[in-house]
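Here is the structure we will look at, set down as structure tokens.
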Amino acid sequence: MTEYETIIGLEVHVELKTKSKIFCPSSTEFGGDPNTHVCPVCLGLPGVLPVLNKKVLEYAIRAALALNCEIAEYSKFDRKNYYYPDLPKNYQISQYDLPLARNGYLNIEVNGQTKRIGITRIHMEEDAGKLIHQGTIATSPYSLVDYNRTGVPLIEIVSEPDMRSPEEARAYLEKLKTIIQYTGVSDCKMEEGSLRCDANVSVRPKGSREFGTKTEIKNMNSFKALQRALAYEVERQIAVLEEGGRIIQETRTWDESKGVTLPMRSKEEAHDYRYFPEPDLVPLIIDRRWVEEIRATLPELPDERRNRYIKRYDLPAYDATVLTATKEMADYFEECVALYPNAKAVSNWMMGDLSRLLNAHNMDITRCKVSPRQLTDMLKLMDRGTISGKIAKTVFEEMFATGKDPEQIVQEKGLVQITDEGAIAAVVEEVLAGNAKVVEDYLKGKDRAFGFLVGQVMKATRGKANPELVNRLLREKIHSQS
Ligand SMILES: [Zn+2]
């Protein structure tokens, strides 16, 4: 069988979170009763004129700079002409041959390797409305249209076909989301559609220089869906080629429930849209000083922050990557470290119990009840020996659920660690007396028997005995008896 190489490029639409729409003062707020965030401009009524929202341009430049793009000195808007009921003007204002930004890149990490993925272009455009069907589009007796989203500002970020696997595509999209979130120009909520991704995918025999025929996949609403859809599509294309067939250039949709891609429509040629310059808007001549002003306000971006964590806090690369994956997570980490300098201990708790509980409750860190001060207070209780590491886990779960201070939980639940040697020694005596057979096994070399005895002492003290003391006293007593 021929070996194949996979070629993937992504087109990502990001909604910019300006207060008003791109060409009119209507609200961009998500949700709202249908057709309440509209005005004559975004409804495309006759005689109205669009006016560019300066904030949209600023946000688009901000995102483009964060993605290492060159900002065009001269760019313009164009009309992309097509009819669809969610597009009241019958054309979308977009940018065609002279986009706002070009030649950017971002870096991804795959299998411990850094790889640069090129960004061909970034342009601005307006979003379309939403059609609401009863059930599916094919069986619905009628469709409703909601124009609230019409005219919401978007940037489209087009990558180079630089990705060679579904894993790389996922890593690219995750990194793109992280960078855009850091810039603050979008909340990038895939579930609300403020980050949407289409993929172009093709395969070719390994070593070949020419691209194979590509298909475009739409409707992938999560990172997992993107990866699954691409994996399916790559296999499908290889199977077609192996059977001597050929790939049809077409748009396909990802069916999440069936786990397959299905044909939607054969690809329209670009010239079908009859692009032409938008006559109602002047071209954009962008002042270099303004671009530099925007650049100066960019925050420290994920790669820089990650590298700083490795150098300054001596964290493993993996920890640094996880902690900087969202700006909020990284801010939380730094607040903790300012209060408690053991960065690795903070990292362990954040990547361990904190992340586990956040995932289990489907929450992000902005909604976490445990403040950085509370987390670090708990670490200090451990350092002082007030609670053991094991008890800390219980305390932390309670903190996460209630938002109470760790000291209060320790008091209320009587969780103070027993460090009184006499008290522990008494329990140790009892456990040894009740488990003569186990002691014998241990003395014959069964190491696991010792663990059992430790467990019995911890159980008798409800986990509160200082573990080092338990270990030491058990060893001493056993050897003094034998
Ligand atoms: Zn409007």
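Numbers here simply count residues along the sequence, with the first being 1. Numbering of ligands and ligand atoms starts at 1, following listing order.
- Around the Zn ion (ligand 1), the protein atoms of type N, O or S that sit closer than 2.8 Å are Cys24 SG, Ser26 OG, Cys39 SG, Cys42 SG.
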Output, in order, the C-alpha distance, side-chain angles, deciding distance and verdict of side-chain contact (heavy atoms from CB on, under 4.5 Å) for Glu58 and Thr18.
CA-CA 10 Å; Glu58 182 192 321; Thr18 52; over 6 Å; no

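- Side-chain contact check for Thr297 and Arg62: at least one donor-acceptor pair (N or O, by modelled atom type) lies under 3.5 Å.
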Determine, stepwise, if the pair Thr321 / Glu109 fulfils side-chain hydrogen bond (donor to acceptor under 3.5 Å, both in side chains).
CA-CA 9 Å; Thr321 304; Glu109 312 283 323; over 6 Å; no

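- Residues passing the salt bridge (charged side-chain N to carboxylate O under 4.0 Å, His left out) test with Glu174, sequence neighbours excluded: Arg170.
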What verdict does the ring pair (Phe, Tyr, Trp, His ring centres under 6.0 Å) test give for Tyr96 and Tyr273, after you've listed the backbone C-alpha separation in whole Å, the side-chain angles of each residue and the deciding distance to 0.1 Å?
CA-CA 11 Å; Tyr96 184 50; Tyr273 289 122; 9.0 Å; no

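- Among all heavy-atom pairs drawn from Asp33 and Asn148, the shortest one is O-ND2, 2.9 Å.
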